[in-house]
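What follows is a single structure, written as C-alpha cells, with notes after it.
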Amino acid sequence: MGSGETIPFPGGSARVVSLAELRETDAWTAAFRDQAKDSRFYGIVEETITGFEHHYLILQDNNGRVRGVQPFFFLQQNLVEGVPALRSIVDFIRRTFPRFLTMRVLMIGCAAGEGHLGICESGDEDWFAIALYAALNIYARGKAALIVFKDFSARYRDMLQRFADNGYTRIPSMPMTQLALSFRDFDDYFGRLSKATRKDLRRKFKRVEKASPIQLEVVTDVSPWVDEMYPLYLQVQERSPLKFETLTKDYFRELGRCMPDKVRFFIWRQEGKIVAFSLCLVHRGVIYDDYLGLDYSVALDLHLYFVTFCDILGWAVAQGLSYYRSSPLNYEPKLHLDCELAPLDLYVRHTNPWLNRIFPPILKLLEPTRHDPVLQRFPNARELRR
C-alpha cells in the first residue's frame, strides 16, 4: 500500500499520505497542537534529517470524520544498539553477514524525540487506539519485521494497554529526566543538593572563575552561527553510546525559522568563540533541553556541562517555568543534580505471529535500560517497569 491508499477496518478506515498531502488538512494542525513538538516539528524532521522513510496515517470513522493523524517511519534497525557487551561480537559477525541482528522496522512516533498519539479531539482516545491497532495489523504485513512504538511517555500506558494485551510487548526505553523548578532561584536550588554535590560543584565553578569569562546569549535563530555550532553537536554525538538520528545544519536553521515561539538556543562564548550550545523548546511551563554541543578542547577543563545546566536552570526559573526536562543519557550527573526519571516506553510486536510468541524474552534481554547501572540508583527507578 502506498500513499493515498485506504486501509479499511471495523469502525472506519485509514489512509496513508505524504507530508505534502497532510499539510492540506486541518487535522494535521489539530493532532499535535498540545505538544511542544507540534506538526511543524514533524515537517522539519522529515525535510532535514536523512535515513528515515516517513509516512502518515489519517484515521477516520465510518461517517468520514477525521479523528486522528499518526506519523510513522521505516528504518533498518540495529537490535543490539543498546547492548554494549554484545557489540564487538556482533560487529565481527557482520563483517560476513552485514544484516545480522538488524530488521526492517515500522516505527510509530517521531524520529527525533519522544512519541505522541495524534488524536484530534479530547475524548477520542479509545476510538483512536482501537483504530490504530486495527490499521497497523493490516498495513504492516509484508512491509516490516517489527512494529515499534518509539519512546512513548508513561502517561500513555492506559491508552496503549490494548496493544500490550494483544501481542505487543512493553519494555522501557532510555528515559528522559526532569526536575521540578520549585525553588526561588539557583542559590535556593543549590542549597537543596547533597553536601557532596555542593562541594563538587563549588570546586568546578572555582575552576571556571579562574578562566576567561564565559558569556551566555539566548536566541531563537542560529543561522549566522550554525557553521560554528554544528561541529560541537557532532563532538557530543560521536561520544554518545547510543545513536539514533543525526541532526543536520538545516535542522537547526529550520527550527528557528519555523518555530520561533518555542525554540530557544543557549550559546556560550569564551573570548568570542562558541564553546557550547544547547537547543531547547519551551512549552506550557516546561523547558525541554534536547541537544547539547560542546567544544571538547575546553569542555572538560571548564566543566561546561555543569555550566550549561546551571545557566539554563537559572534562566528557566527567571522565566517562571515549572519544569526542566532533558533528553535521555548522561545519567550520572543528573542523578546528583536531583533530577528524577521521566519514563519512556517501547511497544514492540513481530509481524510474524509465530515469532512474536518467542520474541518477548529476547526483548527483555535486549532492552537498553538493563545495561545502565546508574538508572537503578534513581529514587523512582521502579517507574521504568511499573
Side-chain angles (χ1 to χ4, degrees), residues 1-7 9 12-60 66-77 104-121 124-125 127-140 143-144 146-153 155-156 159-160 163 168 173 244-245 247-248 251 254-255 258-259 262 281 283 288 290 344-349:
M1 293 182 182
S3 178
E5 296 197 39
T6 300
I7 307 163
F9 54 81
S13 63
R15 189 160 58 95
V16 183
V17 300
S18 67
L19 179 62
E21 295 172 275
L22 195 56
R23 282 174 167 161
E24 300 298 319
T25 69
D26 294 333
W28 183 222
T29 302
F32 295 98
R33 62 190 168 198
D34 294 331
Q35 306 301 334
K37 295 176 178 176
D38 56 31
S39 59
R40 296 172 295 175
F41 183 83
Y42 285 84
I44 293 168
V45 169
E46 175 169 345
E47 294 171 343
T48 66
I49 301 177
T50 60
F52 306 102
E53 178 189 329
H54 296 271
H55 301 276
Y56 305 83
L57 283 172
I58 296 180
L59 294 104
Q60 62 183 32
V66 175
R67 302 176 73 170
V69 177
Q70 190 57 56
F72 67 96
F73 56 95
F74 290 98
L75 77 159
Q76 197 73 22
Q77 178 66 27
R104 180 167 166 83
V105 178
L106 185 163
M107 282 200 171
I108 308 298
C110 182
E114 70 276 16
H116 292 284
L117 298 180
I119 302 166
C120 290
E121 294 184 15
D124 278 350
E125 290 82 2
W127 185 94
F128 188 87
I130 294 170
L132 183 60
Y133 181 88
L136 288 175
N137 280 353
I138 299 168
Y139 179 75
K143 293 183 176 65
L146 295 181
I147 306 172
V148 177
F149 282 70
K150 174 184 172 287
D151 294 344
F152 276 71
S153 165
R155 68 185 178 86
Y156 283 106
M159 201 180 311
L160 293 175
F163 291 81
Y168 286 76
S173 185
F244 190 77
E245 77 284 5
L247 307 181
T248 63
Y251 174 86
E254 289 300 300
L255 275 180
C258 298
M259 300 178 64
K262 294 183 177 182
L281 297 178
H283 178 71
Y288 298 84
D290 274 1
L344 298 174
D345 296 324
L346 305 171
Y347 294 79
V348 185
R349 179 177 184 173

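Fair warning: this is a prediction, and the values are worked out from it, not measured in the lab. Nothing fancy with the numbering, it's 1 onward along the sequence.
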Search all heavy atoms of [X] against all heavy atoms of [Y] and return the closest pair with its distance.
X    : Y    : answer
V16  : I7   : CG2-CD1, 4.0 Å
K150 : L346 : CA-CD2, 3.9 Å
F74  : R104 : CG-NH2, 3.3 Å
L59  : A135 : CD2-CB, 4.5 Å
A134 : F9   : CB-CB, 3.7 Å
M159 : A129 : O-CB, 3.6 Å

So, taking the atom named [atom1] in [X] and the one named [atom2] in [Y], what distance separates them when rounded to the nearest 0.5 Å?
X    : Y    : atom1 : atom2 : value
L117 : E125 : CG    : CD    : 9.0 Å
R155 : D345 : CZ    : CG    : 12.0 Å
T50  : E245 : OG1   : CD    : 11.0 Å
H116 : D38  : NE2   : CG    : 10.5 Å
E46  : E53  : CD    : CD    : 10.0 Å
L132 : Q70  : CG    : CD    : 5.5 Å

Next item on the list: Take the angle between the ring planes of F73 and F52 and call it parallel below 30°, perpendicular above 60°, tilted in between.
Entry: perpendicular

Notebook entry, point to check: For M259 and I44, what are the C-alpha separation, side-chain angles and deciding distance, and is it a side-chain contact (heavy atoms from CB on, under 4.5 Å)?
Noted result: CA-CA 10 Å; M259 300 178 64; I44 293 168; 4.0 Å; yes

Taking [Y]'s backbone N and O only, do any of them form a donor-acceptor pair with [X]'s side chain (distance below 3.5 Å, no angle check)?
X    : Y    : result
S173 : D151 : no
H54  : S18  : no
K37  : L281 : no

Checklist line | Candidate pair Y251 and V45, rule side-chain contact (heavy atoms from CB on, under 4.5 Å), full reasoning | finding: CA-CA 7 Å; Y251 174 86; V45 169; 4.3 Å; yes

Notebook entry, point to check: Stepwise, does the side-chain contact (heavy atoms from CB on, under 4.5 Å) test hold for T248 with E254?
Noted result: CA-CA 10 Å; T248 63; E254 289 300 300; over 6 Å; no

Check: Does the side-chain hydrogen bond (donor to acceptor under 3.5 Å, both in side chains) test come out yes or no for Y288 and E114, once each step is laid out?
Finding: CA-CA 11 Å; Y288 298 84; E114 70 276 16; 5.7 Å; no

Checklist line | Cationic N near anionic O, under 4.0 Å, R23 to E47 | finding: yes

Would you be so kind as to tabulate the donor-acceptor pairs closer than 3.5 Å made by side chains of residues 25-32, with sequence neighbours excluded?
from	atom 1	to	atom 2	distance (Å)
T25	OG1	L22	O	2.7
T25	OG1	W28	N	3.4

Next item on the list: Report yes if the distance between the aromatic ring centroids of Y139 and F72 is under 6.0 Å, otherwise no.
Entry: yes

Notebook entry, point to check: With a 6.0 Å cut-off on ring centres, are Y168 and F163 close enough?
Noted result: yes

Checklist line | Between Y42 and Q35, a side-chain donor and acceptor under 3.5 Å | finding: no

Item checked: Residues which pass ring pair (Phe, Tyr, Trp, His ring centres under 6.0 Å) with F41, listed by chain and number, not counting sequence neighbours -> none

